[in-house]
Amino acid sequence: MSVTIALRDLRALLGSPFGWVLAAVGYFVLAWRFLQLVDVYQLELEGLVVQLDAAYGVTELVAAPFFGDAWLLLVLLLTVAVLSMRLVVDERQQGTLSLLFAAPVRSSAIVLGKFFGAGAFLTLLLLLWALMPFSLQIGTALDLGRLLAAWLGLWLMGLGLLACAVLASSLTAQPGLAAALTFTFGLLLMLLQQGSEASGALARLSLLAHYRPFLAGVVSTADLAYFALLAVGALVLAVRRLDSLRVQA
Amino acid sequence: MSKEILVQASGLARRYGERQALRGLDLELFRGEILGLLGPNGAGKSTTLRILSGTLPPTTGSVRIGGYDLFERPLEAKRLLGYLPEQPPLYPDMRVGEYLRYCARLHGVPRARSRGAAEEAAERCGLGEVLNRVIGNLSKGYRQRVGIAQAIVHRPAVVILDEPTVGLDPVQLASIRSLIRELGAEHGVILSSHLLPEVQSLCARVVILNQGRPVHAGTLSAESARREVVLVTAHAVDIEQLRSLSGVEALEVLEPRRLRLRLADAAAAERVQQAVLGNGWGLVEWWPLRDNLEQLFLTLTHGEGA
């Protein structure tokens with residue numbers, strides 16, 4: 001049942017200007033940023049690397065910084081926040097939630113359907129983003145393993161944030177509020193690490209602390225578990241929330 | 001009664017915070033029957049239908065659909081239900097056919113059969129030529145019909161329609177009414193309306209709600225079997241002759257050439273008409289009065305503001 005809902009949502013995203021504009025705007029910003037990184041490498045870094053005979057290459061100086069770039073994280077966060085304006089809150093606004101509630105469909109299937117549908121869209125977006133750094137392969141040799149790890153980290157972080165977006169969109173009847181909630185919560189999760197390097201407990205909750213190892217090519221169980229817990233936790237809360245929505249007027 | 005009970009609700013009550021929207025409602029629906037829920041605006045019709053469709057739990061009371069408790073076994077019970085809410089639950093950016101297929105899938109129709117089910121429901125609701133149109137571009141009447149098609153696409157045993165004929169033009173109205181009659185023959189239908197003629201033309205049984213309370217529950221046919229008619233003639237009539245006709249239960253002279261008759265059945269009506277024509281009294285008007293249900297309903301509706 002969740003597959004049915006997911007397919008409808010994915011089709012709705014791909015069939016409307018909403019999805020395409022969202023994809024295009026984000027892609028434009030990121031392409032600009034990527035070009036800057038390539039430029040800096042060509043004009044400044046390449047010469048240095050050759051002079052010093054350093055063991056750095058395009059992977060370390062362009063591709064990995066691209067995945068770790070603050071602008072990329074911001075675009076990801078904004079994209080997920082805008083996506084949260086659809087999801088559950090959209091069904092509530094259109095009055096179509098009653099269709100789902102009257103159908104023999106569990107709340108968990110609705111939540112998973114929403115998550116998978118938007119998740120498939122987000123995956124497509126992130127695959128497009130990955131084309132930029134991977135395109136450098138045409139001109140030079142990249143450390144593909146490391147780049148794949150970085151992309152995996154980005155994908156997992158995106159899905160974790162998306163799960164929070166599903167939760168946020170179930171909490172309110174206003175799409176704008178859902179987006180603001182998602183953005184704030186996501187930003188907070190990212191900022192946790194800033195200035196709290198000393199106190200390890202908070203930093204351990206930070207998204208970025210678990211994302212950085214992927215950029216270095218390290219895929220560890222702890223980081224995988226963190227993103228899985230984040231996603232599952234948010235989705236479970238969203239199911240709870242839908243169950244309580246059924247009881248309300 | 002040997003007929004299969006599809007819906008059995010007992011002791012339904014619903015409270016929204018301070019406001020008691022519904023109390024003490026019992027109702028039953030049998031297969032092959034159309035039950036009307038009648039009442040002025042705000043009487044609790046939509047609340048009742050939302051409870052019966054499983055989208056709103058009652059504060060107290062229980063609902064059984066085809067033997068399953070709606071709130072303990074919701075998945076089994078809801079498979080037997082089709083529901084058109086007050087506001088049709090439509091996705092404005094979907095096409096009609098695509099939307100109906102989605103609804104069929106949501107209600108457990110296998111993928112292979114969903115296209116056929118969607119086309120059949122669209123055909124029955126007169127949506128054949130708009131299957132490929134985007135719902136957001138359709139007129140109100142078409143949207144309402146898409147809403148009805150959505151409720152019947154999985155051929156549910158029980159169809160619940162909240163004000164199904166709102167926004168339809170007279171031609172569409174007639175076709176939707178005949179569709180509802182058709183549905184009532186094979187399934188069970190519960191519909192709500194604030195229009196008495198609507199309910200009278202469709203339903204065998206009616207529950208009248210006022211301010212959240214059922215004030216009348218019964219069959220319509222028993223009441224309308226006693227017909228009252230106002231007869232206006234061109235010339236003076238022989239009152240005793242008319243009174244002696246079999247089936248004329250009461251006769252009242254309103255004005256010299258204006259009579260009020262109570263008739264037992266349709267045959268009596270025919271005898272009276274033949275007598276009027278045969279004696280050359282000149283039939284000017286034959287004006288059936290509605291039964292006392294209308295009286296009751298009007299009292300309720302007018303007493304609403306009090």
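Here is how names work: the chains are called A, B, and so on, in the same order as the sequence lines, proteins then strands, and each is numbered from 1.
The environment of CH2 in A:Trp151 is crowded: more than 12 heavy-atom neighbours from other residues, nucleotides or ligands sit within 6.0 Å. Counting non-hydrogen atoms of other residues, nucleotides and ligands closer than 6.0 Å to CZ of A:Arg106 gives a total of 12 or fewer. For B:Arg213, the CZ atom sits in a loose shell: 12 or fewer heavy atoms of surrounding residues, nucleotides or ligands are nearer than 6.0 Å. Shown here is A:Phe185, whose CZ atom has no more than 12 heavy atoms of other residues, nucleotides or ligands within 6.0 Å. Annotation: B:Glu123, atom CD; neighbour count of heavy atoms from other residues, nucleotides and ligands within 6.0 Å does not exceed 12. Within 6.0 Å of CG in B:Asp169 there are more than 12 heavy atoms belonging to other residues, nucleotides or ligands. Surrounding CD of B:Glu129 are more than 12 heavy atoms belonging to other residues, nucleotides or ligands, all under 6.0 Å away. More than 12 non-hydrogen atoms from other residues, nucleotides or ligands lie less than 6.0 angstrom from CZ of A:Phe134.
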Show your working on side-chain contact (heavy atoms from CB on, under 4.5 Å) between A:Thr96 and B:Leu90 and close with a plain yes or no.
CA-CA 6 Å; A:Thr96 43; B:Leu90 308 174; 5.6 Å; no
Steps toward side-chain contact (heavy atoms from CB on, under 4.5 Å) verdict (A:Arg246, B:Thr55)
CA-CA 6 Å; A:Arg246 283 181 195 260; B:Thr55 53; over 6 Å; no
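Nearest heavy-atom pair, A:Phe101 versus B:Lys78, reported as atom, atom and distance to 0.1 Å: O-NZ, 2.8 Å. Shown here for A:Pro104 and B:Leu106, the closest heavy-atom pair between the two residues is CD-O, 3.8 Å. Taking each heavy atom of B:Arg14 and A:Val247 in turn, the nearest pair found is NH1-O, 3.8 Å. The two residues B:Pro89 and A:Gly95 have their closest heavy-atom pair at CB-O, 3.5 Å.
Here the side chains of A:Asp90 and B:Tyr91 are not in contact, with every heavy-atom distance at 4.5 Å or above.
Heavy-atom distances place no part of B:Phe71 under 4.5 Å from chain A, backbone and side chain included. Contact annotation for A:Arg11: only side-chain heavy atoms (C-beta onward) come within less than 4.5 Å of a heavy atom of chain B. With a 4.5 Å cut-off on non-hydrogen atoms, A:Leu7 touches chain B through its side chain but not through its backbone. Only the side chain of B:Tyr83 comes within contact range of chain A, with heavy atoms under 4.5 Å apart.
Distance check: B:Asp162 CG to A:Ser98 OG gives 10.5 Å after rounding to the nearest 0.5 Å. Atoms CZ and CZ, from B:Arg101 and A:Arg8 in turn, are 13.5 Å apart once rounded to the nearest 0.5 Å.
Between chain A and the options B:Glu98, B:Glu76, B:His107, B:Arg105, heavy-atom pairs under 4.5 Å are most frequent for B:His107. Here B:Pro92 is the residue among B:Pro156, B:Pro74, B:Ser53, B:Pro92 with the most heavy-atom pairs under 4.5 Å with chain A.
Shown are B:Pro88, B:Cys103, B:Pro85; of these, the side-chain contact (heavy atoms from CB on, under 4.5 Å) with A:Leu99 is made only by B:Cys103.
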